[in-house]
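Everything on this sheet refers to the single structure shown next.
A, B, ... follow the sequence lines: proteins, then strands. Residue 1 opens every chain.
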Amino acid sequence: MSTSSKLLASEELDSFAKAYVDQGGKVVGTYCCHLPEELMYAANLLPYRLRATGCKDDSDAETYLSSFSCSFVRACLQQFMDGKREFLDGVVGSDGCLMAQRLFDTWKHLYKDGRFYHQFNTPRVTGPRAENYYQTEIRELIEALEKHYQVSITDEKLWQAIEVYNQTRSLIQQLYGLCKGKEPRVTGEECLRVLLAAMSMRKDTFNEMLSAFLEEAKQRKPITNYRARLMLVGSALDDPEYVKLFEKAGGLVVTDVHCFGSSYQWELVERISDDPVECLAKTYLNRPACPRMCNLHAEFCDHILARAKEYMVDGIVFMRMKNCDVWGGEGFNVQEMMKKAGIPLLVLDREEIVANAGQVGVRAEAFLEMLETEGNN
Amino acid sequence: MSEQLDLVKLIADQSASIVEYSKKKYPDRVYMFEFMNNYWKDVINARESGKPIVMCPPNFPMELIYALDAVPFVLEQVPTRLASGKETFKYIDLAEQYIPATVCAMDKIILGAALSGDFQFTPDAFLYCSLPCDNARAVYPLVAEHYKTPTFCVDTPYRRDKIGYDYIAENFKEAYEFLQKALGKEHNEERMAQVIRNSNRSAQLLTECSKLRRFQPCPLPSRMTIMNGMVGSTMGAAYPIDFLEEQLASGQKTAARHGGVTPGAEKYRILWLQNMIWSNASIMDWMETKYNAVSVMDDFGFQTDYMVSNPYDMEEVYNVLGQRSLGYPMVHGACGPAEKYVEMTEACMESYSINLAIYAGHVGCKHTWASAKIISDLVKEKYNVPVLTFDLDSLDIRYKSTDEIKQIITEFMETLESNEKQA
């Protein structure tokens, strides 16, 4: 199997985590892009981003989380209940949103088996006070990891981890760079598959594979047979098949703002002091990654707009996961801003388990047609 | 286009009418409705006199607003007050043009009412908190943006330890400084001290009333659990003290004669495990009469109390207000890690001799629904107490009507009684 094939085979990605365990390593589940993975990397662990790609039935999880919960979270829990996350040695829970919190709570409730559990809290505002609080949370997680795994997470190891992760971020930016401009080389579906791979393996391995992929992709012929350049914005999207629906209809997804896409790892951690924890806190807290941050709404919308312009987007698909309040509220701002900016927006409600692929395809087709008509006018 | 409504005046007028009506029909309940009426009178008077009005959520400490001689306008009071009627529909429908229908009706009504212009005033300052839920976190900033008035966000932490208390205390300190600047007011030590004395007294009385509900039979009516929910929105004012003193005196009198609130011997002592049925408080009266069932306590109303010992020590004031805020309904158990919700339920189950629990899950409260099974299983398995679980919209009677809810409860109670007979 070629490097590209391995990287794009989303269905097989857990094999990296399993192989890591077979080699004596430990894998820890994470949730939320405000959790600095560098801490786990520095502890020689594999941070594995929890997801539900491929889940077809979440009825067991619904018993616990109810039908009123976010279907992405339900499907993530279902993966646990189906035994598909047995390779995890622990989970670091996060209060990214309250639904994510309940995933962690329920997992802890169901599996009282001595694994590593840690509650990580990220402030919902920015500013010096929040950064101090966030630093405390980071230091406590370091302590907990050191105690449980009998490792020492030194500053030196943290700096090394930051360096590796910064390289990941640069490579991801290069990947998206191949969608930029008039001669894109990769599709949105491929980008998402690559990002899913990033969340599933040690970043040193991933960096090597992505570097090779980028070299290969640069040699490709430009993609020209598309009808419009699209941007996907909204709740968690870990399903490449969903992206495919838009690309099959003739759209090309050239960029995105969601936590399984470019929001996962993008902004480089800058060395603003000699304290790696301070540097991590500064970057992770201030990055425009999710509308959960209460005092960053304007900046977040500006970020979406800037990204749309940078990637010469013809239209935005705003995906609202059912029962995702955080993005549900942000939709108000995004719609207002895009209306003012004159960028067409398609609002789609979605569930993790896509039962209406045909309908989504029809909406995508209609949107593309509208974009073409507008473009011609 | 519908005519512009003066919503605040409408509610204030309704509240005044209820007081007048109850004087004739239910004289023993007048003090309850007077309390509600006083709150709305305060807002109307402020609006007319130009006294500063601050929009905020109920988990922000009202003391910091009263201390600056301003009036809090607690946005949640609007939906809960309108819950039983049809006035909410237009606000919900309006909000759903902008945000998903799955957002809590509480927040949809708030957003819809703000966008409609029916509040008919712009607040002098706007405050919100990052918790208790994602609904509020998503909608409050939208309302703030709509008014374009000076705004401050308090970051409510999950932690219930010294780090969490210090963090929220610092937030409140900054919020108070923000308010002084936004309202052009200066800190007045004596005024703050009086406000804190008032809120200490309210907190103490509320605790005593809660303790009284442990008596068997319960000497206070079920509906007081809903009424007491409003006290948090008035902490620091003087009038809730009258209400709570009268409530306590009434309960003590009933307890002294070993009396209860049911027509027959008290049979069921109910714990509500999720939200209260704001739209259908009369159901609680009906359950008292029909099944001799008293709603003794609810998971979202139960609070642990903290007192300020020195009202002139602002550091202590911020700290205690922080602890109170983290112990506020919804914030205390429901919004953070599920362990806190479990602890809250255990405390209620063990302190109030509960023999029946109801999980009337408000559909908008998705994160509490997501722990419904953990909580229900706990009650059933650890305490061997039956649990009735059903969904409703506490603020939109179109979702499930009073009759439908009564039918669900009837079927459950009949099954329960039938099982008891067979046992």
Side-chain angles (χ1 to χ4, degrees), chain A residues 62-70 73-74 77 93 95-106 108-110 119-127 129-130 132-133 136-137 140 291-298 320-333 335-336 347 349, chain B residues 95 97-104 107 111 128-142 144-145 151-159 163-164 166-167 170-171 174 334-339 341-342 361-374 377-378 389 391:
Chain A
E62 190 177 313
T63 311
Y64 275 89
L65 298 174
S66 88
S67 57
F68 305 110
S69 60
C70 159
V73 162
R74 270 202 319 264
L77 180 63
D95 61 348
C97 62
L98 293 180
M99 283 291 140
Q101 178 63 43
R102 288 294 178 256
L103 171 64
F104 179 62
D105 291 341
T106 310
K108 258 197 328 182
H109 176 75
L110 288 173
Q119 170 79 40
F120 185 83
N121 306 294
T122 306
R124 294 173 187 83
V125 297
T126 55
R129 187 181 54 242
N132 283 339
Y133 179 85
T136 305
E137 287 287 334
E140 285 190 0
R292 75 181 289 280
M293 300 301 285
C294 290
N295 64 345
L296 283 183
H297 290 291
R320 297 192 304 205
M321 181 72 76
K322 193 178 175 193
N323 293 321
C324 173
D325 297 322
V326 179
W327 273 103
E330 197 63 20
F332 185 111
N333 296 325
Q335 288 181 62
E336 290 289 308
V347 180
D349 289 318
Chain B
Q97 291 177 25
Y98 301 95
I99 56 174
T102 50
V103 169
C104 174
D107 298 289
L111 180 64
Y128 67 96
C129 302
S130 61
L131 285 175
C133 63
D134 289 339
N135 295 285
R137 193 195 314 176
V139 167
Y140 263 84
L142 300 179
E145 180 60 24
T151 300
F152 185 87
C153 173
V154 169
D155 190 24
T156 310
Y158 261 18
R159 304 178 69 127
I163 292 169
D166 287 349
Y167 182 62
E170 287 168 22
N171 267 267
E174 201 179 319
C335 78
E339 286 100 331
Y341 199 174
V342 167
H362 171 51
V363 286
C365 209
K366 297 174 272 292
H367 60 292
T368 49
W369 260 115
S371 40
K373 185 165 164 56
I374 294 177
D377 286 354
L378 167 84
T389 302
D391 57 315

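Interface remark: B:C365 contributes no atoms to any contact with chain A (heavy atom separation under 4.5 Å). At a 4.5 Å heavy-atom cutoff, the contact between B:V103 and chain A is made by backbone and side-chain atoms alike. Residue A:A298 does not touch chain B at all, counting heavy-atom pairs closer than 4.5 Å. With a threshold of 4.5 angstrom between heavy atoms, B:T156 approaches chain A through N, CA, C or O but not through any side-chain atom. In this structure, chain A has heavy atoms under 4.5 Å from both the backbone and the side chain of B:P337. With a threshold of 4.5 angstrom between heavy atoms, A:T63 approaches chain B through its backbone and through its side chain. Using a 4.5 Å cut-off between heavy atoms, A:R320 contacts chain B through its side chain alone, with no backbone atom that close. Of the two parts of A:N121, only the side chain, counted from C-beta on, holds a non-hydrogen atom closer than 4.5 Å to a non-hydrogen atom of chain B. Proximity to chain B is absent for every atom of A:R74, based on heavy atoms less than 4.5 angstrom apart. Looking at A:E330, neither its backbone nor its side chain comes within 4.5 Å of chain B, counting heavy atoms on both sides. Contacts between B:E145 and chain A at a heavy-atom distance below 4.5 Å are absent for every atom of the residue. For a residue to count as touching a neighbouring chain, one of its non-hydrogen atoms must lie under 4.5 Å from one of that chain's; by this rule B:N171 touches chain A with backbone and side chain alike. In this structure, chain A has no heavy atom under 4.5 Å from any part of B:Q97. Only the side chain of A:T136 comes within less than 4.5 Å of a heavy atom of chain B; its backbone N, CA, C and O stay farther away.
The nearest pair of heavy atoms linking B:Y158 to A:R124 is CE1-NH2, 3.5 Å. Closest non-hydrogen pair, A:E137 versus B:R159, comes out as OE2-NH1, 2.8 Å.
Chain A forms the most heavy-atom pairs under 4.5 Å with one residue out of B:Y98, B:Y128, B:W369, and that residue is B:W369. The most heavy-atom pairs under 4.5 Å with chain B, out of A:Q335, A:K322, A:K108, A:E336, come from A:K108. Of the listed residues (B:A101, B:G164, B:C153, B:S130), the one with the most heavy-atom contacts under 4.5 Å to chain A is B:S130. Your options are A:C294, A:C70, A:S69, and the one with the most heavy-atom pairs under 4.5 Å with chain B is A:C294. Of all the listed residues (B:G361, B:G336, B:A372, B:C104), the one sharing the greatest number of non-hydrogen pairs under 4.5 Å with chain A is B:G336. When B:D155, B:D391, B:L142 are compared by the number of non-hydrogen pairs under 4.5 Å with chain A, B:D155 comes out ahead.
To the nearest 0.5 Å, atom CG of residue B:D107 and atom CG of residue A:D325 are 8.5 Å apart. The distance from the NE2 atom of A:H109 to the CG atom of B:L378 is 8.5 Å, given to the nearest 0.5 Å. For the atom pair CG (A:D95) and NE2 (B:H367), the distance works out to 12.5 Å, reported to the nearest 0.5 Å.
Of the possible polar contacts, none joining the B:D134 side chain to the A:C97 backbone as a donor-acceptor pair under 3.5 Å is found. Proximity of a side-chain donor or acceptor of B:R137 to a complementary backbone N or O of A:V326 within less than 3.5 Å is not detected. Formation of a donor-acceptor pair under 3.5 Å by the A:D105 side chain with backbone atoms of B:A338 is found in this model.
Ring planes of B:Y167 and A:Y133: parallel class, angle under 30° (limits at 30 and 60°).
Under the 6.0 Å distance and 45° angle rule, B:K366 does not count as a cation-pi partner of A:F68.
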### Task
Would you please test A:E140 and B:I163 for side-chain contact (heavy atoms from CB on, under 4.5 Å) and show each step?
CA-CA 12 Å; A:E140 285 190 0; B:I163 292 169; 3.5 Å; yes
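Looking at A:Q119 and B:E339, their side chains never come closer than 4.5 Å, going by heavy atoms from C-beta outward.
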